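Keep in mind the model is a prediction, meaning the values are calculated, not measured.
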Amino acid sequence: MTVASIPRGTRDFGPDIVRKRNYIIQTIRSTFETYGFEPLETPAMENIETLTGKYGDEGDKLMFKILNNGDIYSKGAQATTNQELINAVSEKALRYDLTIPFARYVAMNRSQLTFPFKRFQIQPVWRADNPQRGRFREFYQCDADVIGSKSLISEMELLSIYSRVFEQLNLQVEIKLNNRKILAGLAELAGIADRMMEMTILLDKLDKIGPEKLHELMLKAAFSNDAIACIEQFLAIKGTNETVLLALKELFKHTEIALRGIDEIETVLKGYQLMQQGDKPNQLAIDLTLARGLNYYTGIIIEVKSAEVAMGSIGGGGRYDDLTGIFGVPDMSGVGISFGLDRIYEVLLELNRFPDTTKNGTKVLFINFGNQAETTALQLVQAIRQETIAAEIYPSNEKIKKQMEYANKKQIPFVVLIGENELQNNQVVIKNMASGEQQTVSIATFIQHIKELFSI
RNA sequence: GUGGGUGUAGCUCAGUUGGUUAGAGCAUCGGUUUGUGGUACCGAGGGUCGAGGGUUCGAGCCCCUUCAUCCACCCCA
């Protein structure tokens, strides 16, 4: 016998959970479609060389590799390093995110596509990470990307999508904004342009570890005193978006790349305000420490966190100027965002914000009395379904008690009883399971009664 | 990969300095009720105490190993 279990970091989704997840997915999907994005799905697995090297060393480590079939032993036996072994026995890997597969798709189909191409994709991704709260090894991403346009209108629209989705989900969030060009400018100004990645990863830790600890880490990284002073001057910039922008312009007045980044943020902020007029927009805040790990971002970067629950980010994105270049298609600028479905689920659950409609299931259960009564019940259950009311008949003539228990456990709000007594009088009994009340109605008016119960 | 916590009934957990036959609540099943669930009462089933080894007259409890799981770091959605 096999012990029933699933790999850690993976989950089964029971009926209640699927209904709640579908609610989130439908909210996101319909918003994507409203903004003109088209659906795309790609395979769970990609050729391993499509994915390796795209997410940094850490990403390569966390990628699930698929073992080749056949005789891998003799091929693997000749390997002298871990990497050689992987090359010898694996040529496929599970996708690590949706963006690189999307870039691959665009590169493969560029002649068929109409640009700018706007696609959304809602599929699971896999990472061989250590699971913990809000972190799984199989989880869903809900991505929307625009590729083939440099216009900042895309950024504005994607931010607007964030705002709209979280408003519809009744969640308060902080949408944080930064620009890789500003970070590049900072690295340049600090004289450590060659170590920008290292610097941004350190900056990203600031709100977690505090300025003193950050100072220590920068010393440890052997940044010069001048460089550290420059970075700390940068981090001291605080206030409203307007004052931050002003201070940035002053600090970077001779750093061209940063100025462009500042200008982009300013443009996007203005456009966003314009688009959100009339709505109560989620506030955008410039966060100069926002870095984001994925190293293909080149312009504006975005991150969303819950304002109500302590959780990692529940969404993120940014612009990448040359994503398809690695697949031989240069100069394709794209910008995208991603929703972390699983984390949004955890947040909604914790705040108890799922609407009652996610409890939907069967609305009416017909008790099975067997024989002639069963035949009548079968006809009536089908008639109810014609009205698109979810209904079912208990499949066998069990004790009434057992059938009632079934209705109770499935939280079915109404039960219909048609026994011999009712049959003789051409009547049925409708029982309200919440109140316990029951009414006897004629078969002729039964459908009408049911429709009234559901206000149809 | 690093550090810490926890593994006892289907679930959540008690279990005294190491001492007889390992308990509770919930859940399940049966009954009070052969045409009525949810509430109440009565009863029943259910355990290799994660696994393996060791110490001991005796181990759920102590020691070692191992596995699983959770939390944190790294990194990330």
Gap in Å between the two [atom1] atoms, one belonging to [N] and one to [M], rounded:
N: B:U21; M: B:C49; atom1: P; answer: 14 Å
N: B:G25; M: B:A14; atom1: P; answer: 16 Å
N: B:U33; M: B:C41; atom1: C1'; answer: 13 Å
N: B:U17; M: B:C75; atom1: C1'; answer: 46 Å
N: B:U65; M: B:C29; atom1: C1'; answer: 41 Å
N: B:A24; M: B:G18; atom1: C1'; answer: 23 Å
N: B:G60; M: B:G54; atom1: P; answer: 15 Å
N: B:G38; M: B:G30; atom1: P; answer: 12 Å

Students often get this wrong, so: under 4.0 angstrom with heavy atoms, is [X] touching a base, only sugar-phosphate, or nothing?
X: A:Gly56; answer: nothing
X: A:Ser313; answer: sugar-phosphate
X: A:Gly436; answer: base
X: A:Arg8; answer: sugar-phosphate
X: A:Glu398; answer: nothing
X: A:Tyr140; answer: nothing

Side chains of [X] and [Y]: closer than 4.5 Å at any heavy-atom pair?
X: A:Phe64; Y: A:Tyr96; value: no
X: A:Tyr320; Y: A:Thr99; value: yes
X: A:Leu453; Y: A:Ile389; value: no
X: A:Arg180; Y: A:Met196; value: yes

Would you state whether a donor and an acceptor, one from the side chain of [X] and one from the base of [N], lie under 3.5 Å apart?
X: A:Lys431; N: B:U36; result: yes
X: A:Gln411; N: B:G37; result: no
X: A:Arg135; N: B:C71; result: no
X: A:Asn408; N: B:G38; result: no
X: A:Gln438; N: B:U36; result: yes

Per nearest nucleotide of RNA chain B, the residue lying toward the 5' end, A:Glu422 or A:Arg343, is A:Glu422
Which comes earlier along RNA chain B counting from the 5' end, the contact point of A:Ile6 or that of A:Asn432, where each point is its nearest nucleotide?
A:Asn432
Under 30°, 30 to 60°, or over 60°: which ring-plane class applies to A:Phe354 and A:Tyr345, parallel, tilted or perpendicular?
tilted
Using a strict cut-off of less than 4.0 Å between a Lys/Arg side-chain nitrogen and an Asp/Glu carboxylate oxygen, indicate whether A:Glu157 and A:Lys118 qualify as a salt bridge.
yes
Taking the basic N atoms (NZ, or NE/NH1/NH2) and the acidic carboxylate oxygens, is any pair closer than 4.0 Å for A:Glu346 and A:Arg11?
no
Measure the distance from [atom1] on [X] to [atom2] on [N] and round it to the nearest whole Å.
X: A:Phe136; N: B:C71; atom1: CZ; atom2: C1'; result: 14 Å
X: A:Tyr406; N: B:G38; atom1: OH; atom2: P; result: 17 Å
X: A:Asp129; N: B:C73; atom1: CG; atom2: P; result: 12 Å
X: A:Lys402; N: B:C29; atom1: NZ; atom2: P; result: 8 Å
X: A:Lys399; N: B:G30; atom1: NZ; atom2: P; result: 7 Å
X: A:Met63; N: B:C75; atom1: CE; atom2: C1'; result: 14 Å
X: A:Arg137; N: B:C76; atom1: CZ; atom2: P; result: 18 Å
X: A:Asp145; N: B:A77; atom1: CG; atom2: P; result: 13 Å

Between B:G37, B:G35, B:C75, which nucleotide gets closest to the side-chain atoms of A:Val429?
B:G35
Would you tell me if any nitrogen or oxygen in the side chain of [X] comes within less than 4.0 Å of OP1 or OP2 on [N]?
X: A:Lys409; N: B:U28; result: yes
X: A:Gln132; N: B:C71; result: no
X: A:Arg133; N: B:C71; result: no

Yes or no on side-chain hydrogen bond (donor to acceptor under 3.5 Å, both in side chains) for A:Gln382 and A:Arg385, after CA distance, side-chain angles and deciding distance?
CA-CA 5 Å; A:Gln382 204 55 25; A:Arg385 289 170 178 158; 3.0 Å; yes
So what does the secondary structure string of RNA chain B come out as, 5' to 3', with Watson-Crick or wobble pairs under 3.5 angstrom, [ ] for crossing and | for pairs with another strand?
(((((((..((((.....[...)))).(((((.......))))).....(((((..]....))))))))))))....
To the nearest 0.5 Å, what is the distance between CG on A:Leu235 and CG on A:Leu186?
7.5 Å
With centres under 5.5 Å and planes under 30°, do A:Phe139 and B:A77 count as stacked?
yes
Please confirm whether the ring centroid of A:Phe339 lies under 6.0 Å from the ring centroid of A:Phe120.
no
